[in-house]
Every structure is written in C-alpha cells, then in structure tokens.
Amino acid sequence: MTHLWVRAEQRPNEDRVGILPEGVAALIAQGFRVTVEESPARVIPLEGYSAAGAEIAPEASWPEAPEDAIVFGLKELPESDLPLRHRHIMFGHAYKGQPAGQRLLRRFAAGGGTLYDLEYLTDADGRRVAAFGYWAGYAGAAVSLKCWAAQQRGGICGPVSSYDNAAALLADLQSELVALNSGRPTALVIGALGRVGTGASDLCRAMGVPVTGWDMAETAHGGPFPEVLAHELFFNCILARPGTPVFVPASAKTAERRLRVIGDIACDPDSDFSPIKVYDRTTSWDAPALRVHDDPPLDVMAIDNLPSLLPRESSEDFADQLLPHLKTLGDLAGGVWGRARGHFDTHIQELST
C-alpha cells in the first residue's frame with residue numbers, strides 16, 4: 001500500500017499545501033494510505049482532510065514516519081544535519097549548485113533517502129506537469145509594483161502579507177497606485193509566454209501598466225539587452241539554466257536607465273546561471289525590496305515563495321495539476337517519478353566525484 005505523508009510547512013509565511021481534501025479522498029479510494037500533519041498555518045483547514053479519511057499526525061513528526069512513507073511538502077526542510085531516510089516530494093532547489101541544495105543532497109546521501117523534486121516532474125517532452133508559476137508571476141508583479149510605489153513616495157517597500165484572494169490584492173494595490181496621483185510605469189516581461197510571465201502580465205494589465213512581452217525569439221541573440229533599462233519595471237520570468245543570457249549586468253546599476261525595480265520572480269540568485277547580476281540574495285516578506293543603487297534608485301524584489309501571497313488560489317491550482325500524478329505514486333520507477341529520480345541519481349553521483 002502506498003503511504004503518502006503530507007507534512008506541515010515549517011517555513012514562515014508559507015500557508016500553501018500541495019493536495020486538497022478532495023485529492024486525499026481520491027487517493028484513499030484508490031487504495032492509498034494518507035497521513036496529514038497538523039498545521040497552524042495551512043490555508044486549508046485540517047477538518048477537511050480528516051473528513052476525507054486521512055490519518056492525522058502531529059506537526060513536524062515526519063522524521064518518525066514509517067520507513068515506507070513518501071513525505072510530501074512544498075518548500076525546503078528546516079536546516080539540519082539529520083540524515084534523510086525517506087522518499088521526499090518537494091521543491092528541493094538542489095540541482096543548480098546552490099549551497100543549501102548541496103547540503104540537502106548530502107543529507108539524502110547519508111540517510112539513503114530519495115528526492116523527487118517537484119520542479120523536475122516533467123512529461124516525456126520535458127514540460128513540467130505542475131507548477132505555481134502563474135501565481136508566482138501574479139504576486140511577484142504586485143509586490144514589485146508596491147516597491148515602485150514606495151519609491152515614488154521617497155521610500156522603500158515595507159512588509160507584505162497574504163491576501164484572502166486575488167480580488168483583495170487588486171483592490172489594495174489599486175488604492176495604493178491611485179493615491180500616488182501619477183502615471184503608471186512601463187514593464188518589460190521576459191518569459192512572457194510562460195506561466196510565470198502570463199501571471200505577471202495579467203497583473204500589470206489589471207493595474208493599467210503597459211507591458212512589453214518578450215520570450216525566446218527576442219532574447220535568442222544573447223544580448224546585450226538595452227531595452228531592459230528603458231522600462232521602469234523589469235520582470236525575469238524564466239528558469240535559469242546553462243546558456244541563459246545575462247539580462248541585467250552588474251554595470252546596470254550605474255548606467256543611464258529608466259529602470260527602477262527588478263522583479264526577479266524566477267529568484268535564483270545563488271545559481272551560477274542567474275541572469276540578474278546586480279544582487280546576490282533573496283528578499284523577504286518583511287523586507288521585500290533590496291536597494292542595490294541609490295541615485296537613481298534601483299530595487300530588486302526577489303521573494304522565493306511568492307504564490308503564498310495568495311495561498312488558497314495557488315494551492316487549489318497546483319493541487320489540481322499534481323493530483324493525476326500523485327495517483328501514479330505506486331509506480332515510482334516510471335513516468336514523471338522515474339524521470340525525477342533520474343535527476344536525483346545524477347546529482348547524488350556528482351557529490352562523490
């Protein structure tokens with residue numbers, strides 16, 4: 001019997017979940033055993049999971065889960081030296097040379113466990129089967145606009161928090177922009193045809209922000225890209241990988257530019273392949289903007305769990321995408337799970353070379 005153990009997210013400002021009560025009921029009907037940890041933050045109440053037939057476990061009890069349990073979460077595990085003996089499904093951020101990712105892989109190597117990284121669940125053509133991208137783009141554009149508005153007031157963006165729904169976010173942001181009594185900025189979106197870029201573009205258009213949408217055709221020449229500096233807002237919405245051109249070089253800070261805010265929604269500053277070279281660390285809900293130049297100001301927004309700004313909508317969307325593949329967990333050697341295991345095996349082998 002396949003046993004799925006849904007752990008509580010232990011990271012601050014992380015209210016999302018990757019499976020809904022309806023999904024739990026579907027898995028149990030298929031013969032799965034499902035355990036759900038208690039959580040004070042999860043946007044979906046625990047009662048729904050219990051009513052669907054899930055067993056309930058204490059928060060953060062997954063290290064004591066049965067050996068055969070598949071532990072399912074979204075964001076990274078708490079930093080620890082604890083060897084990882086289970087099979088884990090999550091966003092590991094471990095395959096692009098990130099220091100924290102290397103530590104995570106060493107924990108798996110020490111414990112004999114396996115990482116099935118959600119970012120690497122792909123179909124036979126290499127397309128991701130489930131992603132939070134649309135809501136990352138939507139929320140990232142909203143926070144970036146808040147950063148721009150704060151600049152117009154002569155300051156820097158203060159703390160942000162989650163919203164009950166997208167309508168509440170739009171109302172709040174519209175009120176903030178109207179209060180400026182000024183025109184709207186222009187935005188350039190790279191990766192405009194993807195999920196992330198579509199979300200960023202939709203938010204901008206809802207706020208009356210003119211959008212220039214670029215994708216692979218416009219960036220194929222490899223740069224430089226002076227057009228980035230000619231817009232007040234720039235949104236990086238592509239996954240960094242070997243060969244990704246640099247969109248914003250370090251020299252952009254002192255160059256002549258209209259650019260005031262970079263929304264690095266892809267948010268991978270630790271990666272060697274990051275196309276944004278003016279900053280080196282993520283930002284946070286408490287301090288969304290990192291000021292990398294003062295006159296004229298240039299702020300970077302690089303929060304790495306943006307969909308949690310809209311936790312209910314993003315959870316519902318992602319869970320619907322992922323459920324058909326969770327139903328195939330009985331065959332971890334094939335399909336999306338087998339391909340994800342292949343990525344893990346490759347990187348574990350590289351640890352010892």
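The model shown is predicted, which means the values in this text are computed figures rather than measured ones.
For the atom pair CG (Leu239) and CZ (Phe273), the distance works out to 10.5 Å, reported to the nearest 0.5 Å. Put simply, OG1 on Thr212 and CH2 on Trp214 are 8.5 Å apart, with the number rounded to the nearest 0.5 Å. One finds the CG atom of Leu233 at 6.5 Å from the SG atom of Cys204 (value rounded to the nearest 0.5 Å). The CH2 atom of Trp337 lies 13.5 Å from the CZ atom of Arg341; values are rounded to the nearest 0.5 Å. Between atom CD of residue Glu64 and atom CH2 of residue Trp5 there is a gap of 8.5 Å, rounded to the nearest 0.5 Å. Atom CG of Asp172 sits about 6.5 Å away from atom CD of Glu176, to the nearest 0.5 Å.
With hydrogens and angles left out, the side-chain atoms of Gln321 and Asp317 include a donor and acceptor closer than 3.5 Å. Asp299 and Gln151 share a donor-acceptor pair across their side chains, judged by distance under 3.5 Å alone.
By the rule that hydrophobic residues join a cluster once side-chain heavy atoms approach within less than 4.5 Å of another member, Val17 and Met90 end up as members of separate clusters. In terms of hydrophobic clustering, with Ile, Leu, Val, Met, Phe, Trp and Tyr side chains grouped at heavy-atom distances under 4.5 Å, Val71 and Ile89 are assigned to different clusters. Under the 4.5 Å side-chain contact rule for hydrophobic residues, Ile19 and Phe91 share a cluster. By the rule that hydrophobic residues join a cluster once side-chain heavy atoms approach within less than 4.5 Å of another member, Val211 and Val261 end up as members of one cluster.
By the 4.5 Å heavy-atom criterion applied to side chains, Pro307 and Phe318 are not counted as neighbours. Contact of the Leu173 side chain with the Met207 side chain is registered, since non-hydrogen atoms from C-beta on lie closer than 4.5 Å. Looking at heavy atoms from C-beta onward, Phe235 lies out of side-chain contact with Ile190 at the 4.5 angstrom threshold. Trp62 is not listed as a side-chain neighbour of Thr35, based on a closest heavy-atom distance of 4.5 Å or more. Side-chain contact check for Leu145 versus Leu203: some heavy-atom pair is nearer than 4.5 Å. Side chains of Phe72 and Leu118 form a contact here, defined as non-hydrogen atoms less than 4.5 Å apart. In this structure the side chain of Tyr279 reaches within 4.5 angstrom of the side chain of Asp264, judged on heavy atoms. The shortest distance between side-chain heavy atoms of Glu59 and Arg7 does not fall below 4.5 Å.
Listed here is the closest heavy atom pair of Asp215 and Glu218: N-OE1, 2.7 Å. What you find for Ser80 and Leu82 is that their closest heavy atoms are OG-N, 2.8 Å. When all heavy atoms of Leu306 and Gly140 are compared, the pair lying nearest together is CD1-CA, 3.6 Å. Looking at every heavy atom in both residues, Gly18 comes nearest to Leu74 through N-CD1, 3.9 Å. Closest of all the heavy-atom pairs between Thr283 and Pro288 is OG1-O, 2.8 Å. Considering every non-hydrogen atom in both Thr2 and Gly330, the closest pair reads OG1-CA, 3.7 Å.
The environment of CG in Asp68 is crowded: more than 12 heavy-atom neighbours from other residues, nucleotides or ligands sit within 6.0 Å.
Of the possible polar contacts, none joining the Asn236 side chain to the Ile265 backbone as a donor-acceptor pair under 3.5 Å is found. A donor-acceptor pair under 3.5 Å is absent between the side-chain atoms of Arg258 and the main chain of Leu229, judged by distance alone. At distances below 3.5 Å, at least one donor-acceptor pair connects side-chain atoms of Arg42 with backbone N or O atoms of Glu37. Between the Thr244 side chain and the Ala240 main chain, no donor and acceptor come within less than 3.5 Å of each other. Remark: side-chain polar atoms of Ser314 are not paired, donor with acceptor, to backbone N or O of Trp135 under 3.5 angstrom. No donor-acceptor pair closer than 3.5 Å links the side chain of Arg260 to the backbone N or O of Glu232.
Phe108 has its ring centre less than 6.0 Å from the ring centre of His88.
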Go through the steps for His343 and Leu115 under the test side chain to side chain contact (heavy atoms under 4.5 Å, CB included), then give the verdict.
CA-CA 9 Å; His343 284 285; Leu115 170 63; over 6 Å; no
Please assess Glu76 against Arg11 for the test salt bridge (charged side-chain N to carboxylate O under 4.0 Å, His left out), listing each intermediate value before the final yes or no.
CA-CA 8 Å; Glu76 62 270 21; Arg11 173 181 174 156; 3.0 Å; yes
Salt bridge (charged side-chain N to carboxylate O under 4.0 Å, His left out) between Arg103 and Glu79: does it pass, once the steps are laid out?
CA-CA 9 Å; Arg103 291 192 294 272; Glu79 287 283 346; 3.5 Å; yes
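Note that Arg16 lies in the cation-pi zone of Phe132, set by a 6.0 Å cut-off to the ring centre and a 45° limit from the axis. Judged by the 6.0 Å distance and 45° axis criteria, Arg128 is not positioned over the aromatic ring of Tyr120.
By the 4.0 Å N-to-carboxylate-O rule, Lys75 lies too far from Glu9 to be salt-bridged with it.
For the salt bridge (charged side-chain N to carboxylate O under 4.0 Å, His left out) test, no residue two or more places apart in sequence or in another chain qualifies with Asp331. Every residue two or more places apart in sequence or in another chain that forms a side chain to side chain contact (heavy atoms under 4.5 Å, CB included) with Asn13 is listed here: Trp285, Asn305.
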